[in-house]
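One structure is given here, and the rest of the page talks about it.
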Amino acid sequence: MNAVTDFPGVPVNGLSVDVEDWFQVGAFETVVAREAWEGLECRVEANCERVLELFAAHGIKATFFTLGWIAERYPATIEAIAAQGHEVASHGWDHKRVFTLNPSSFADDLRRTRETLEGITGQPVTGYRAPSFSIDARNPWAHEVLVEHGYRYSSSVAPVAHDHYGWPEAPRFAFRPVAGSPLIEIPVTTAEVAGRRFAAGGGGFFRVLPYALSRWAIRQVNAREGRPAVFYFHPWEVDPEQPRVAGAPLRSRLRHYTNLSRMHGKLERLLGEFRWGRMDALALREAALVA
Ligand SMILES: [Zn+2]
């Protein structure tokens with residue numbers, strides 16, 4: 001079977017990495033306190049290195065949505081990401097979900113993170129991804145704050161029903177969340193089957209279920225709908241040796257630890273079989289299409 005890249009006119013998809021460590025994921029929030037982070041083994045440097053090698057091998061540039069907390073502690077890693085031609089964008093300071101903040105504390109979180117990232121790379125931060133896709137029907141003010149802070153795009157909405165996140169009524173593809181502003185929201189990819197939406201842009205869908213399902217879903221979006229997909233993963237997902245978090249809910253542990261050893265191979269296929277690029281470039285193309 002031909003790879004999707006063999007066909008002309010196939011969209012370039014957005015590839016993104018959410019730069020956070022194994023103990024910072026939303027699913028472990030109840031068992032790993034933020035105050036404990038400092039004492040835990042940080043594996044993000046080595047894992048980012050693996051991800052950078054993977055992208056270099058495929059000649060792909062991507063976007064790294066990075067926590068300020070990580071950037072402040074591991075600036076050399078962020079420098080390396082930027083030096084290799086990837087986009088460094090914001091994932092907030094310490095993974096607080098946006099609907100737990102208010103407009104003022106969200107603005108502070110954005111400002112502090114951006115200053116840290118720009119101070120390291122010397123390049124402007126124009127994109128934002130909310131921790132755990134935490135912009136939804138509860139906090140429409142969040143997009144307005146992003147406009148006030150000059151962001152060009154956000155990729156913070158999961159337009160699907162999910163146990164940890166989701167805004168099922170949101171559009172599946174790029175839209176302007178604040179009328180009259182240039183900000184574009186580019187939701188993470190979903191597939192539609194018989195009128196039902198499925199999260200298909202990474203996470204458990206990609207790592208836990210067979211690769212063929214992700215491949216099918218992204219093909220549907222690219223070839224049948226003619227639209228770009230947005231895919232995300234985390235550095236800890238290519239690290240089968242990471243420490244295990246005790247006491248987390250069973251469902252979270254299953255989702256977090258299943259198939260870690262297969263992830264690298266799956267990513268190899270995904271990168272080889274579709275076209276991928278930075279999110280800021282995708283945002284520019286989408287902004288030209290969206291009224
Ligand atoms: Zn995250």
Side-chain angles (χ1 to χ4, degrees), residues 14-34 36-37 40 42-45 47-48 50-51 62-74 77-78 81 86-101 105-106 109-110 112-114 116-117 125 127-136 139 142 146 151 153-160 162-167 185-189 199 201-208 230-239 242 245 248-249 251-253 255-257 260 263 267 279:
L15 183 59
S16 58
V17 182
D18 291 358
V19 181
E20 60 201 46
D21 219 329
W22 57 274
F23 48 83
Q24 296 175 312
V25 301
F28 294 155
E29 205 176 51
T30 53
V31 282
V32 186
R34 276 183 179 70
W37 286 2
L40 295 170
C42 194
R43 301 175 67 91
V44 80
E45 294 171 284
N47 291 335
C48 280
R50 284 196 85 190
V51 171
T63 293
F64 289 68
F65 293 106
T66 302
L67 289 183
W69 192 97
I70 291 285
E72 185 178 56
R73 285 163 180 79
Y74 305 98
T77 294
I78 311 312
I81 290 169
H86 302 290
E87 178 191 6
V88 174
S90 173
H91 195 37
W93 187 262
D94 62 355
H95 221 266
K96 288 198 185 78
R97 285 168 298 168
V98 181
F99 53 70
T100 68
L101 305 174
S105 56
F106 180 45
D109 183 283
L110 286 178
R112 186 180 181 199
T113 305
R114 173 187 244 165
T116 301
L117 296 176
V125 167
Y128 175 74
R129 169 164 292 149
S132 306
F133 299 104
S134 55
I135 298 183
D136 58 33
N139 53 351
L146 288 168
Y151 282 82
Y153 79 91
S154 158
S155 180
S156 302
V157 168
V160 67
H162 183 279
D163 57 346
H164 286 298
Y165 52 74
W167 183 3
E185 169 62 44
I186 314 173
V188 66
T189 288
F205 179 84
F206 182 77
R207 186 161 37 77
V208 177
V230 171
F231 185 87
Y232 76 99
F233 68 100
H234 306 88
W236 57 262
E237 289 187 89
V238 297
D239 181 10
Q242 68 190 271
V245 173
R251 187 174 185 156
S252 299
R253 273 184 287 146
R255 190 180 284 153
H256 191 95
Y257 298 121
L260 287 173
M263 185 68 177
L267 285 170
M279 291 292 298

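All ligand and atom numbering here is 1-based and tracks the order in the structure.
In this structure, the side chains of Glu20 and Val44 stay at 4.5 Å or more apart for every pair of heavy atoms. You'll find the side chain of Arg50 stays beyond 4.5 Å of the side chain of Leu267, heavy atoms only.
Taking the charged nitrogens against the carboxylate oxygens, Asp109 and Lys96 have no contact shorter than 4.0 Å, which rules out a salt bridge.
Less than 2.8 Å away from the Zn ion (ligand 1), the protein contributes these N/O/S atoms: Glu20 OE1, His91 NE2, His95 NE2.
For the atom pair Trp37 CH2 and Phe23 CZ, the distance stands at 7.0 Å (nearest 0.5 Å).
Annotation: cation-pi pair Arg114/Tyr128 absent, no NZ/CZ under 6.0 Å from the ring centroid and within 45° of its normal.
Gln242 pairs with exactly one of Glu237, His256, Arg43 by the side chain to side chain donor-acceptor pair (under 3.5 Å) rule, that one being His256.
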